[in-house]
Amino acid sequence: MAGYGQFCAVARALDVVGERWTLLIVRELLLGAASFGDLCRGLPRIPRATLSARLRTLRAAGIVDDYHLTEAGAALAPVVRELARWAIATDSAALREDHLDTAALTWDMRRRIEADALPDRKVVLAIEFTDRPAPDSRFWLHLSRTGIDLCRDDTGAPVDVWLTTSTRAATEWWIGNLSWEQLLQQPGVRVHGDHALQHQMHRWFKRYVFTPDTFATAT
């Protein structure tokens, strides 16, 4: 990307992190991505060649070193947080249909599990998105206190709980615009399977890191 050619500190910062996808790569590393594969799963729409190019830029700028943020990279955390705060507070960045992505959503769910809230045995949660074609319609979360796996293919393991939902409803719940109770009241949303697990499953998830409640608590 050609630089802005300005002395302004904002322009100089954007020379480094202003290209498309760059700050989202930083976001993924802040949230624990530790490999090229992790970044691809957190950013399912990024071309692999583009990801490689952005990583080279970030390494050259001293922001990333071997899939870890340097001190300069970690210092971008409040920038990412304030961008999220701005998006939540303004209609200029409202959630649109083209923002809805079941792969990105379920990957975020996978990394935001409250392990201590899980049962003392392995549980399989299947999620069916009724408005998406295969292979983006079904995902399986294999949950235990010692490990979390997300599968796009049915491994044959018995499913304990099914969540059937539209992508919009699940996303609105995940980002904090709907409570669990409100999610269950949305058209087409259904939970079935083990009754005891149905009543506790909402406690398994920390939800999106930047919900409106996150910023309300901080103020």
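Along the sequence shown, residues are numbered consecutively beginning with 1.
Each side chain to side chain donor-acceptor pair (under 3.5 Å) pair with one or both residues in residues 153-163, not counting sequence neighbours, appears once here: Arg121-Asp160. The list of salt bridge (charged side-chain N to carboxylate O under 4.0 Å, His left out) pairs with a residue in residues 66-79, not counting sequence neighbours, is empty.
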**Request:** Let me see the working for Thr50 and Arg20 under side chain to side chain contact (heavy atoms under 4.5 Å, CB included), right down to the final yes or no.
**Result:** CA-CA 9 Å; Thr50 301; Arg20 190 180 185 208; over 6 Å; no

**Request:** Determine, step by step, whether Asp131 and Thr167 satisfy the side chain to side chain donor-acceptor pair (under 3.5 Å) criterion, reporting the C-alpha distance in whole Å, the side-chain angles of both residues, the deciding distance to 0.1 Å, and the verdict.
**Result:** CA-CA 7 Å; Asp131 56 340; Thr167 310; 2.8 Å; yes

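With salt bridges taken as basic N to acidic carboxylate O contacts below 4.0 Å, none links Asp108 and Arg207. Ion pairing between Glu28 and Arg111 holds under the 4.0 Å rule for side-chain N and carboxylate O.
Ring orientation note: the planes of Phe210 and Phe215 are close to parallel, at an angle under 30° on the 30°/60° scale.
Counting only heavy atoms from C-beta outward, the side chains of Ile63 and Val17 approach each other to under 4.5 Å.
Between Pro44 and Asp101, the shortest heavy-atom contact is CG-OD2, 3.5 Å. Between Asp120 and Arg145, the closest heavy-atom pair is N-NH2, 3.8 Å. Closest non-hydrogen pair, Ala33 versus Leu39, comes out as CB-CD2, 3.8 Å.
Side-chain atoms of Thr165 do not come within 3.5 Å of backbone N or O of Phe129 as any donor-acceptor pair. With Arg12 contributing its side chain and Gln6 its backbone, the two residues share no donor-acceptor pair below 3.5 Å. A donor-acceptor distance shorter than 3.5 angstrom exists from the side chain of His99 to the backbone of Arg96, with no hydrogens or angles considered. A distance-only check finds a donor-acceptor pair linking the side chain of Ser179 to the backbone of Gln182 [under 3.5 Å]. Although no hydrogens or angles enter the test, the distance criterion places a donor-acceptor pair under 3.5 Å between the side chain of Thr106 and the main chain of Ala103. Here the side chain of Gln198 pairs a donor or acceptor atom with the backbone of Gly193 at under 3.5 angstrom. A donor-acceptor pair is defined here as one N or O able to donate and one able to accept, closer than 3.5 Å; no such pair exists between the side chain of Arg168 and the backbone of Leu100.
Taking OG of Ser137 as the start and CZ of Arg152 as the end, the distance is 9.0 Å to the nearest 0.5 Å. Atoms CZ and CG, from Arg112 and Leu31 in turn, are 7.5 Å apart once rounded to the nearest 0.5 Å. Note that the CG atom of Leu76 and the CG atom of Leu30 stand 7.5 Å from one another [nearest 0.5 Å]. For the atom pair CZ (Phe139) and CG (Leu163), the distance works out to 12.5 Å, reported to the nearest 0.5 Å. Between the CG atom of Leu58 and the CG atom of Leu23 there is a distance of 8.5 Å, given to the nearest 0.5 Å.
Hydrophobic clustering (side-chain heavy atoms under 4.5 Å, transitive across Ile, Leu, Val, Met, Phe, Trp, Tyr) groups Leu83 together with Leu69. Under the 4.5 Å side-chain heavy-atom criterion for ILVMFWY residues, a single connected hydrophobic cluster contains both Met201 and Val123.
With a 6.0 Å cutoff to the six-membered ring centre and a 45° limit on the axis angle, Arg59 counts as a cation-pi contact of Tyr67.
Every residue two or more places apart in sequence or in another chain was checked for a side chain to side chain donor-acceptor pair (under 3.5 Å) with Thr22, and none qualifies.
Within 6.0 Å of atom CG in Asp98, more than 12 heavy atoms from other residues, nucleotides or ligands are found, so the atom counts as buried in its surroundings.
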